[in-house]
Each structure stands twice: as C-alpha cells, then as structure tokens.
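The structure displayed is predicted, hence computed values, not measured ones. So you know, we letter chains A, B, ... as the sequences are listed, proteins then strands, and number each from 1. Heavy-atom basis, side chains included; hydrogens, waters and symmetry copies ignored.
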Amino acid sequence: MPAFNISNAQIYILQNNSPNWFNKNKRSLPFRQTKDPYQIWISEIMAQQTQIDTLIPYYKRFIEKFPDLKTLAAAEESAVLKAWEGLGYYSRVRNLHKTARLIESDYDGCFPSDYQTLIKLPGIGPYTGGAIASIAFNEAVTAVDGNVLRVISRFLNSHLDIGENKTKKVITQWLETILPANSGDFNESLMELGALICSPTNPQCPDCPLRDGCQAYAQGNQEKLPIKKKKIRPKTMQMEVGILIRDKHLFFVRRDQKGLLAGMWSFPIVTQTDEPGQAISDLLNQYTQHLPQAQYLGHSRHVFTHIIWEIEVYSFYLPAYLKEETATYSIKADDQTCFIPIDETDRLTLPVAFKKLLPLLEPHL
DNA sequence: TACACGTGGGT
DNA sequence: TACCCAAGTGT
C-alpha cells in the first residue's frame, strides 16, 4: 500500500543526514547522559504532552529523590505524587508508580527490554514504548510523537489529518521502511528536528538538513502543514471555592480518586448555583455547625485542556476557640480532610489551580 | 472514534 | 485576549 511516493534520494536524506545533523546539533539534556532504561523511562513519561524545558527541573529532582526502580517502587504514592506536583496529567505519575511496583513484582525488578512487553505496562503506549525500546535498547522500532508527525507530514507534503489514528499508522509504517540500525538516534533526531527546526510556526527551513528533500518546502506549504482538526473549545464552568480559616490554619479536602485532579488536595469547591455564595456555604456546612459569614476574596480563572474554571473565592473565618472542639463541631480529622498551618501548605500536594488562590488570602491575614 | 486528562509558553 | 501547542495514554 504505497501511501506516498518517495524517491531514493529522500530515503537517503532521512537515513543519513538527519542522524548526522542530530549528533552535531542535539541539545545536552540530563537524560541524554545515560542509557539507563529507568531514567529514559522517567524522562519519556514526563515528556508526554510537556515541553522539554518545562520538565528538566522536575526530572533532576525526581532522579535525585528516586534514583532507581527499587527506590521508586518502595516509595509512598503521596511522595511520588508530590514530586510530580505542578507538572499536570497526574495519571502519568500514578501509572509510573504502579509500573515500578509491577516490574519489581512481576519482572524480578528487571526493566523489560522489548517493545511488545513495554507497551503492556501502565502509562506506556506506542510512542513511549518505541522511545524506550529504541533509545535504551536499540530495538528496531519507531517512536512517533507530535514532532515526528509534523516533520514527516511536511517532508511528504501530506495533507492527512495527524489527529487521526490511521495517519499515525501510515506514517509509522512509512518510517519502518527506512528505519536505520541506529534506531534510537534516528527517532530522537526526528523529534529534535521538530523541536528545534521544524517547529509548528516559523519553521527554520534554511537550517534544515532535510530541506532539499522536503516536499512541503518545495510547494511552499511548510506553514500550512500538518493538517490538524481544530480542537473543541473548553467548557466554561462557574465555580465557588471556600477557604475555611481557623487560627492561621487552612482547611483542605482530598479529591476523588478518579477524574480531574484525582486524589489531590483541594480547597472545597462546588459549581455555582443561582445565589452567589450559596453552594459553597451549603458544602462547608457539612463540615462545621458554626459556619461564619462568607467574605468575598476575588475571582480566578484556571484553564485546563477541556475545562475552564471561573472561580469565585470566599473565605470563612472560624473563631480560634473551636480548635479544641473540632470533633464536637464535626470538622473531620481523617485523611480526607485536614487543617494545615497557612505557611505549611507545601506539605500537601496541591494542584496549580488551587495553589494560585493562596495570594488572594494575603491582604486579609 | 472521541473525549478526559494539567500546565506553561508562544504568538 | 484567545488561541495553539507540547517527546500521549487510557477508556
């Protein structure tokens, strides 16, 4: 099934110039100093939907804290989640931890070295499996990410929608026909090219090692490609947050174990009802019989991939004397709720959506 | 197939 | 401002 026409000259360019370009131009990154599959794995999970510059400090801290598989497997999940705090897509770190324990228990602590085994592990899909297998073990497999889809779509002047699975399949199969022996460098070279030269906007074609074989460049289509269906606009939700304050302690609740920001700590938050402040007061009434008057603190917006939270923030000052009577006044002290000293909130794993509300409190303390 | 799933950076 | 995008995976 020849989806594209491709000349021998173009194959030559992909097989040779791109890896050569890579060896001369690749960035010095912490996870490029090693062939340890554990470290490659951590870096690849962090790299999912995340720019490299963003993850580097996280990666360094993570490797320092969890230097090997055994350490990670033995760690408390809360400690691992804390190390991921601020990176987003937190299911990645849950699966990471799950997989570490799985390798310890089912694979005798020995990191699986082949693609087919890797993609069975939680959090490792076709891209990450290909990346680990090729980079750490030099297996002859592709690693097709967003960069590669863009680079190859342009190179072939392909107008297929890269959001569709069949496009990914076609490009993967095309790459398999030219995959060289140094598969890891080859895969990384295409990704690095996409990150440094063949960028989504303003591609640096004059500096591109593939320019002379690039069909999009020849047609002047490099800015139009790749084709990608527009994403649906995120849904806006009107939310209310209540910050319960008692004797310089803040009240937090733990979120559900599934769904958005699963299992992370949070201020009490509800969707707004007709009467402003009513829904959050009703919620907090479940935690204390002595809910004081709400004080409006201000507004915040938090944009997720698929949701926008428009948040109205209220504070509620409980009198300090209630401290001795928390049980009586049914402020629960189990692991689903807690009061934390206002300057020690770092003990909790708090999503950015809530962390950025803390400055609203400062003028009122 | 389509959607859920975070956050920060760039234009 | 409002969008798009980023070394994707799970359901």
B:dC5 phosphate, OP1 or OP2: any side-chain N/O from A:His306 under 4.0 angstrom?
yes
Assert: residue with more 5' nearest nucleotide on DNA chain B, out of A:Lys229 and A:Lys258, is A:Lys229
Have a look at A:Ile45 and say if it touches a base, only the backbone sugar-phosphate, or nothing, with a 4.0 Å heavy-atom cut-off.
nothing
Distance between the P atoms of C:dC4 and B:dC3, in whole angstroms?
15 Å
Flag side-chain contact, heavy atom, 4.5 Å: A:Leu196 against A:Asp207
no
Euclidean distance, atom CG of residue A:Asp53 to atom C1' of B:dG8 [Å, nearest integer]:
11 Å
Is it the case that B:dG9 (base atoms only) and A:Thr54 (side chain only) share a donor and an acceptor within less than 3.5 Å, ignoring hydrogens and angles?
no
Got a salt bridge between A:Glu104 and A:Arg101, using NZ or NE/NH1/NH2 to carboxylate O under 4.0 Å?
no
Measure from CD1 on A:Ile162 to C1' on C:dC5 and round the result to the nearest Å.
10 Å
If we ignore angles and hydrogens, is there a donor and acceptor under 3.5 Å between the side chains of A:Thr128 and A:Arg92?
no
Return no unless some side-chain N or O of A:Thr128 is found under 4.0 Å from OP1 or OP2 of C:dT9.
yes
Report yes if some heavy atom in the side chain of A:Phe186 is under 4.5 Å from a heavy atom in the side chain of A:Phe22; otherwise report no.
no
With a non-hydrogen cut-off below 4.0 angstrom, is A:Gly194 in contact with a base, only sugar-phosphate, or nothing?
nothing
Atom pair distance, as rounded to whole Å: CE in A:Met191 and C1' in C:dG8:
12 Å
Expressed as a whole number of angstroms, how long is the span from A:Tyr58:OH to C:dA7:C1'?
17 Å
Indicate, with a heavy-atom threshold strictly under 4.0 Å, whether A:Val303 touches base, sugar-phosphate, or nothing.
base
Distance between the P atoms of B:dG8 and C:dT9, in whole angstroms?
22 Å
Any side-chain N or O of A:Arg301 under 4.0 Å from OP1/OP2 of C:dA2?
yes
Are A:Gln49 and C:dG8 close enough that a side-chain N or O sits under 4.0 Å from OP1 or OP2?
yes
Looking across every strand, which nucleic acid part, if any, lies under 4.0 Å from A:Ile52 by heavy atom: base, sugar-phosphate, or nothing?
base
At less than 4.0 Å, is any side-chain N or O atom of A:Tyr89 found next to OP1 or OP2 of B:dA4? Yes or no.
no
Taking the six-membered ring for Trp, are A:His249 and A:Phe251 ring centroids under 6.0 Å apart?
no
Distance check, P atoms only: B:dA4 and C:dA7, in whole angstrom units.
23 Å
If you look at every strand shown and take non-hydrogen atoms under 4.0 Å, does A:Leu261 touch a base, only sugar-phosphate, or nothing?
sugar-phosphate
Starting the side chain at C-beta, find the nucleotide from C:dA7, B:dG9, C:dG10 nearest to A:Gln51.
B:dG9
Report yes if at least one side-chain N or O of A:Arg150 is closer than 4.0 Å to OP1 or OP2 of C:dA6; otherwise report no.
yes
Can you work out whether A:Thr201 or A:Ala353 has the more 5'-proximal nearest nucleotide on DNA chain B?
A:Ala353
Does A:His302 place a side-chain N or O at less than 4.0 Å from the phosphate oxygens OP1/OP2 of B:dG6?
no
Side-chain N or O of A:Lys228 closer than 4.0 Å to phosphate OP1/OP2 of C:dA6:
yes
Can you tell me which nucleotide in C:dA7, B:dT7, B:dT11 comes closest to the side chain of A:Phe304?
B:dT7
Spacing of A:Arg255 atom CZ relative to B:dC5 atom C1', expressed in whole Å:
12 Å
Comparing A:Asn95 and A:Ser43 on DNA chain C - which has the more 5′ nearest nucleotide:
A:Ser43
Expressed in angstrom and rounded to an integer, what is the separation of A:Gln48 atom CD from C:dA6 atom P?
15 Å
Checking contacts here: which listed nucleotide (B:dC5, C:dA7, C:dA6) is nearest the side-chain heavy atoms of A:Asn147?
C:dA7
Testing A:Lys169, A:Lys228, A:Lys229 one by one against A:Glu164 for a salt bridge (charged side-chain N to carboxylate O under 4.0 Å, His left out), which residue passes?
A:Lys229
To the nearest Å, give me how far apart CD1 (A:Ile56) and P (C:dA7) are.
13 Å
Just how far, in rounded Å, is P of C:dG8 from CG of A:Asn187?
13 Å
Using a heavy-atom cut-off of 4.0 Å across all strands, would you classify A:Ile132 as base, sugar-phosphate, or nothing?
nothing
I'd like to know if the side chain of A:Arg150 and the backbone of A:Pro226 have a donor-acceptor N/O pair within less than 3.5 Å.
no
Can you tell me if A:Arg233 touches the phosphate of C:dC3, counting only side-chain N or O atoms and a distance under 4.0 Å to OP1 or OP2?
yes
